[in-house]
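Throughout, protein chains are lettered first and strands after them, A, B, ... in sequence-line order, and every chain is numbered starting at 1.
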Amino acid sequence: MIYIQLFLAFLQIGAFSFGGGYAAMPLIQDQVITKYGWLTTNDFSDLVTIAEMTPGPIAVNSATFVGNQIAGIPGAIVATFGVIIPSCILVTLLAWLYMKYRSMKMLQEILKSLRPAVIAMIFNAGLTILIPTVFPSGFSAMFADVNFRAFVFFIAALILLRKFKTGAIQTMVGCGIAEVISQLLLPIII
Amino acid sequence: MDVKKLKKIFFSTLYLSTFTFGGGYVIVTLLKQKFVDELHWINEDEMLDLVAIAQSSPGAIAVNGSIVVGYKLCGIAGIICAVLGAIIPPFIILTAISAFYTAFKSNTVIKAMLSGMRSGVSAVIVSVVYDMSRDIVKEKNITHMLIMITAFIANYYFKVNVILIILTVIVIGILTTLTHEKKVKRSLVQ
C-alpha cells in the first residue's frame with residue numbers, strides 16, 4: 001500500500017535527521033532512491049535544487065514533492081505528516097525531560113559525536129549529485145566520459161561561493177542560465 | 001483556551017515559514033525576535049533553552065523551533081497551530097512546483113536550466129561540507145575525526161545503511177559520555 005510506504009519512509013527520515021537542513025539529504029536518498037526507487041538520481045538532484053530555492057525545510061519540501069509525484073495530494077499529505085510526527089513527539093518529550101532535569105549534557109554529547117558522521121553522509125549525498133553531473137558514465141570511467149561544461153560550471157560556482165561570497169540561490173540560478181545559454185542560444189548564434 | 005494567542009502563533013509561524021529562505025537557523029532567530037523581543041511572551045533565557053532543544057532533536061529545525069514555541073505558550077493546541085503554520089507554506093509551494101515539474105520536465109529550456117543548476121547545487125553542498133568538516137578538524141578531537149572518516153567509508157564504499165550508521169554513532173556517543181563521566185568522578189575522588 002503506497003500511502004503506508006510513503007508514511008513509513010518519511011517517518012524514518014523525520015526520526016533520524018539529526019542536525020537540521022542538509023542532514024535529511026542522506027536519509028531521503030536512502031529511502032526515496034535506494035530503497036523504493038521513487039525518484040531517479042536526476043530527479044533527486046532537481047529536488048535538492050528546488051528545495052534549496054524555496055522557503056521551508058528540505059525534509060518537509062521533499063515529503064511534499066515526493067508524495068505528490070508518487071500518489072498526488074493525498075500522498076503529499078501522508079508523507080508530510082510522516083516527516084513531522086517524530087519531531088512532534090521527540091521535541092515535546094525532550095522539552096518535558098528538560099523541564100524536569102534542567103540538563104541536556106548527555107544528549108549534547110551524543111549530538112557532538114553524531115555531527116561528524118552526519119557531515120560525512122551529507123558529503124556522500126552531494127557526491128551522488130556531482131558525479132553523474134560531471135562524469136555521466138560514473139566515477140570509475142571518469143577519464144573516458146567527462147562533461148567538461150558541467151565541470152567548469154561546478155568550479156566556477158565554487159569560486160563564486162567561496163571567493164565572492166555569492167548567495168547559494170544566485171549561484172545555482174547563474175549555473176542554470178549559463179547552461180541554457182550554452183545549450184540553446186550559442187548554437188543559434190554560432 | 002486563548003484563541004487570540006493561538007491565532008498569533010499560527011500566523012507568526014505561517015509568515016516566517018513563507019518568507020524565510022536559508023534554513024532552520026534563520027527561522028529560529030526570527031522566532032526569537034518575534035516572541036521574545038517583540039511580544040515578550042517568552043523570556044530570553046528560556047528561549048535559549050528552547051532553541052537548544054529544537055536543535056538537539058531530529059527533524060527540521062524550523063518545525064522543531066515552532067513546536068517548542070507552541071508548546072511553551074499554549075501546550076498541545078499551541079504545537080498544532082505552530083506546526084500547521086510552519087508546514088502549510090512549503091506544502092502549497094512544493095505541491096504547485098511538483099505539478100509544474102511533471103508538466104515541464106521535458107521542456108528543453110527548463111531541462112537545460114535544471115541540468116545547469118545541478119553543477120551549482122553540487123558546489124553549494126561541497127562548500128557547506130567543507131565549512132562543517134573544517135570545524136570538526138579544528139576541534140582536534142581524534143574520536144570525532146575517526147567517526148567522520150569511518151562513516152564516509154562505510155556509507156560510500158560499503159553502502160552501509162544511513163540509519164544503521166546513526167544508531168551506531170549514538171551508541172558510541174553514549175559510551176564515551178559514560179566513560180568520560182566516570183573518569184571525571186574518579187579524578188574528583190582523588
Chemist: For Y98(A), is it the side chain, the backbone, both, or neither that has a heavy atom closer than 4.5 Å to a heavy atom of chain B?
Modeler: side chain

Chemist: Taking L27(A), N147(A), V66(A) one by one, which has the highest count of heavy-atom pairs under 4.5 Å against chain B?
Modeler: L27(A)

Chemist: Given the options G176(A), P132(A), A63(A), A168(A), which has more heavy-atom pairs under 4.5 Å with chain B than any of the others?
Modeler: G176(A)

Chemist: Quick one: what part of I165(B) sits under 4.5 Å from any heavy atom of chain A, side chain, backbone, both or neither?
Modeler: side chain

Chemist: So which heavy atom on T49(A) is nearest to which on M117(B), and how close?
Modeler: CG2-CB, 3.7 Å

Chemist: Tell me, for L167(B) versus chain A, whether the close heavy atoms (under 4.5 Å) come from the side chain, the backbone, both or neither.
Modeler: side chain

Chemist: Given heavy-atom pairs under 4.5 angstrom as the criterion, report whether the side chain, backbone, both or neither of F153(A) touches chain B.
Modeler: both

Chemist: Quick one: of A59(A), A76(A), P86(A), who has the most non-hydrogen atom pairs under 4.5 Å with chain B?
Modeler: A76(A)

Chemist: Would you name the heavy atoms of I33(A) and T40(A) that are closest together and state the gap between them?
Modeler: CD1-O, 4.4 Å

Chemist: Under 4.5 Å from any heavy atom of chain B, what part of I50(A) do you find: side chain, backbone, both or neither?
Modeler: side chain

Chemist: Between S17(B), G116(B), A52(B), P58(B), which has the largest tally of heavy atom pairs under 4.5 Å with chain A?
Modeler: P58(B)

Chemist: Could you tell me whether a side-chain N or O of S17(A) sits under 3.5 Å from a main-chain N or O of A24(A), the two making a donor and an acceptor?
Modeler: no

Chemist: Heavy-atom cut-off 4.5 Å, strictly under: side chain, backbone, both or neither for Q31(A) against chain B?
Modeler: side chain

Chemist: Kindly give the heavy-atom pair with the smallest separation between C74(B) and I9(B), and that separation in Å.
Modeler: SG-CD1, 3.9 Å

Chemist: Go through the atoms of V124(B) and report whether side chain, backbone, both or neither lie under 4.5 Å from a heavy atom of chain A.
Modeler: both

Chemist: Using a cut-off of under 4.5 Å on heavy-atom pairs, state which of I172(B), I93(B), V126(B), I163(B) scores highest against chain A.
Modeler: I163(B)

Chemist: Kindly assign one of parallel, tilted or perpendicular to the pair W38(A) and Y36(A), based on the angle between their ring planes and the thresholds 30° and 60°.
Modeler: parallel

Chemist: Could you tell me which portion of V60(A) (side chain, backbone, both or neither) has an atom closer than 4.5 angstrom to a non-hydrogen atom of chain B?
Modeler: side chain

Chemist: Would you mind checking which part of I125(B) comes under 4.5 Å of any heavy atom in chain A, side chain (CB onward), backbone (N, CA, C, O), both or neither?
Modeler: side chain

Chemist: Would you mind checking which part of I177(A) comes under 4.5 Å of any heavy atom in chain B, side chain (CB onward), backbone (N, CA, C, O), both or neither?
Modeler: both

Chemist: Heavy-atom pairs under 4.5 Å with chain A: which of N141(B), V109(B), T168(B), I79(B) has the most?
Modeler: V109(B)

Chemist: Return the NZ to NZ distance between K5(B) and K8(B), rounded to the nearest 0.5 Å.
Modeler: 12.5 Å

Chemist: Taking side chain as everything from C-beta outward and backbone as N, CA, C, O, which of these in L114(A) sits under 4.5 Å from a heavy atom of chain B? Side chain, backbone, both or neither.
Modeler: both

Chemist: Side chain from CB out, backbone as N, CA, C, O: work out which of these in A117(A) comes under 4.5 Å of a heavy atom of chain B, or both, or neither.
Modeler: both

Chemist: In terms of heavy-atom proximity below 4.5 Å to chain B, should I155(A) be classed as side chain, backbone, both, or neither?
Modeler: neither

Chemist: How far apart are the closest heavy atoms of V83(B) and C88(A), and which atoms are they?
Modeler: CG2-SG, 4.3 Å

Chemist: Measure T80(A) against the heavy atoms of chain B and call it side chain, backbone, both or neither at under 4.5 Å.
Modeler: side chain

Chemist: Who wins among I136(B), V171(B), L146(B) for the most heavy-atom pairs under 4.5 Å with chain A?
Modeler: I136(B)

Chemist: Report the option among I13(A), I110(A), L127(A) that has the most heavy-atom pairs separated by less than 4.5 Å from atoms of chain B.
Modeler: I110(A)

Chemist: Could you tell me which of Q183(A), M25(A), Q69(A), K35(A) has the largest number of non-hydrogen atom pairs under 4.5 Å with chain B?
Modeler: Q69(A)

Chemist: Find the distance between CZ (F16(A)) and CG (L11(A)) and round it off to the nearest 0.5 Å.
Modeler: 9.0 Å

Chemist: Looking only at atom types and distance, does a side-chain atom of D30(A) sit under 3.5 Å from a main-chain N or O of P26(A), one as donor and one as acceptor?
Modeler: no

Chemist: Heavy atoms only, distances under 4.5 angstrom: which of I73(A), T171(A), T92(A), I58(A) has the most pairs with chain B? Name it, please.
Modeler: T92(A)

Chemist: Could you tell me which portion of F91(B) (side chain, backbone, both or neither) has an atom closer than 4.5 angstrom to a non-hydrogen atom of chain A?
Modeler: both

Chemist: Take a 6.0 Å sphere around CG of L186(A) and say whether it holds more than 12 heavy atoms from other residues, nucleotides or ligands.
Modeler: yes

Chemist: What residue, out of S66(B), S57(B), S98(B), has the most heavy-atom pairs lying under 4.5 Å from chain A?
Modeler: S98(B)

Chemist: Taking side chain as everything from C-beta outward and backbone as N, CA, C, O, which of these in V134(A) sits under 4.5 Å from a heavy atom of chain B? Side chain, backbone, both or neither.
Modeler: neither

Chemist: Is the terminal nitrogen or CZ of K159(B) (NZ for Lys, CZ for Arg) located under 6.0 angstrom from the six-membered ring centre of Y156(B) and within 45° of that ring's axis?
Modeler: yes

Chemist: Is the count of non-hydrogen atoms from other residues, nucleotides or ligands lying under 6.0 Å from F151(A) atom CZ greater than 12?
Modeler: no

Chemist: Just grab all the side chain to side chain donor-acceptor pair (under 3.5 Å) pairs involving residues 110-132 of chain B, residues at least two apart or on different chains.
Modeler: N42(A)-R118(B), D46(A)-R118(B), R162(A)-S127(B), R162(A)-D131(B), D131(B)-R134(B)

Chemist: So do the side chains of I129(A) and F44(A) get within less than 4.5 Å of each other, counting heavy atoms only?
Modeler: yes

Chemist: At a heavy-atom distance under 4.5 Å, which candidate from T18(B), T176(B), L16(B), D49(B) has the highest pair count against chain A?
Modeler: D49(B)

Chemist: Counting neighbours of NZ on K32(B) that are heavy atoms of other residues, nucleotides or ligands and sit closer than 6.0 Å, is the number greater than 12?
Modeler: yes

Chemist: Under the ring pair (Phe, Tyr, Trp, His ring centres under 6.0 Å) rule, what pairs show up with a residue in residues 56-80 of chain A, not counting sequence neighbours?
Modeler: F65(A)-Y101(B)

Chemist: Which answer fits L130(A), side chain, backbone, both or neither, if we ask what part of it has an atom under 4.5 Å from a heavy atom of chain B?
Modeler: both

Chemist: Looking at every heavy atom in both E46(B) and I42(B), which two are closest together, and how far apart are they?
Modeler: CB-CG2, 4.0 Å

